[in-house]
Q: 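First, the structure itself, so that you have it in front of you.
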Amino acid sequence: MKIMVLLFGACREAAGTHQWECEIEAPADVKRVFAATRERFPELDRFEPVALFAVNEEHARADQPLRDGDTLAIFPPVSGG
């Protein structure tokens with residue numbers, strides 16, 4: 001499977017890129033693709049417990065299944081007032 005991974009904010013800065021194409025064996029879910037992304041970009045490890053996700057522009061949980069061609073967006077936590 002090929003999943004397009006988009007990185008935003010501090011995640012993008014930590015990885016040094018805004019996207020990459022993850023090739024992974026099926027079945028896959030958000031958690032597994034995020035783990036592969038952290039393996040490729042170890043600087044993202046600090047976001048593991050707090051990252052937010054969207055699949056095909058809709059909020060997603062870590063256990064959401066992914067299909068070939070999906071887009072996974074990874075966001076750092078958001079704060080402010």
Side-chain angles (χ1 to χ4, degrees):
M1 299 175 38
K2 292 184 180 181
I3 306 296
M4 180 56 66
V5 178
L6 305 177
L7 301 163
F8 292 90
C11 292
R12 179 184 65 219
E13 292 171 13
T17 188
H18 69 284
Q19 70 180 33
W20 82 289
E21 186 174 76
C22 177
E23 291 192 35
I24 195 162
E25 289 187 30
D29 60 14
V30 169
K31 182 178 181 178
R32 194 158 158 239
V33 172
F34 184 47
T37 302
R38 289 188 353 257
E39 186 175 310
R40 168 88 184 228
F41 305 104
E43 302 83 3
L44 294 175
D45 281 346
R46 65 186 169 119
F47 296 103
E48 193 272 331
V50 296
L52 303 172
F53 307 105
V55 174
N56 301 328
E57 300 183 16
E58 293 192 19
H59 291 282
R61 295 181 355 187
D63 62 353
Q64 180 169 325
L66 295 170
R67 297 180 311 230
D68 186 45
D70 280 348
T71 298
L72 171 64
I74 303 172
F75 302 88
V78 179
S79 65

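Count residues from 1 along the sequence. If you're wondering where the values come from, they're calculated on a predicted model, not measured in any experiment.
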Q: Tell me every residue that passes side-chain hydrogen bond (donor to acceptor under 3.5 Å, both in side chains) with Asp29, counting only those two or more places apart in sequence or in another chain.
A: none
Q: What side-chain hydrogen bond (donor to acceptor under 3.5 Å, both in side chains) pairs are there with at least one residue in residues 41-50, not counting sequence neighbours?
A: Arg38-Asp45
Q: Heavy atoms only: give me the nearest Ala36-Cys22 pair and the separation to one decimal.
A: CB-SG, 3.9 Å
Q: Does Val5 belong to the same Ile/Leu/Val/Met/Phe/Trp/Tyr cluster as Phe8, with side-chain heavy atoms less than 4.5 Å apart forming each link?
A: no
Q: Give the minimum heavy-atom separation between Cys11 and Pro76, together with the two atoms involved.
A: SG-N, 3.6 Å
Q: Let me check something: do Leu52 and Ile3 share a hydrophobic cluster, defined by ILVMFWY side-chain heavy atoms less than 4.5 Å apart, either directly or through other members?
A: no
Q: Please list all pairs meeting salt bridge (charged side-chain N to carboxylate O under 4.0 Å, His left out) that have one or both residues in residues 51-66, counting only residues at least two apart or in different chains.
A: Arg61-Asp63
Q: Leu6 pairs by side chain to side chain contact (heavy atoms under 4.5 Å, CB included) with which of Thr71, Ile74, Leu72?
A: Thr71
Q: Using a 3.5 Å distance criterion without hydrogens, assess whether the side chain of Arg32 forms a donor-acceptor pair with backbone atoms of Pro27.
A: yes
Q: Among residues at least two apart in sequence or on other chains, which ones pass side chain to side chain contact (heavy atoms under 4.5 Å, CB included) with Ala54?
A: Ala73, Phe75
Q: For Asn56, which residues count as a side-chain hydrogen bond (donor to acceptor under 3.5 Å, both in side chains) partner, sequence neighbours excluded?
A: Asp70
Q: How would you list all residue pairs meeting side-chain hydrogen bond (donor to acceptor under 3.5 Å, both in side chains) that involve residues 11-28, not counting sequence neighbours?
A: Trp20-Thr37
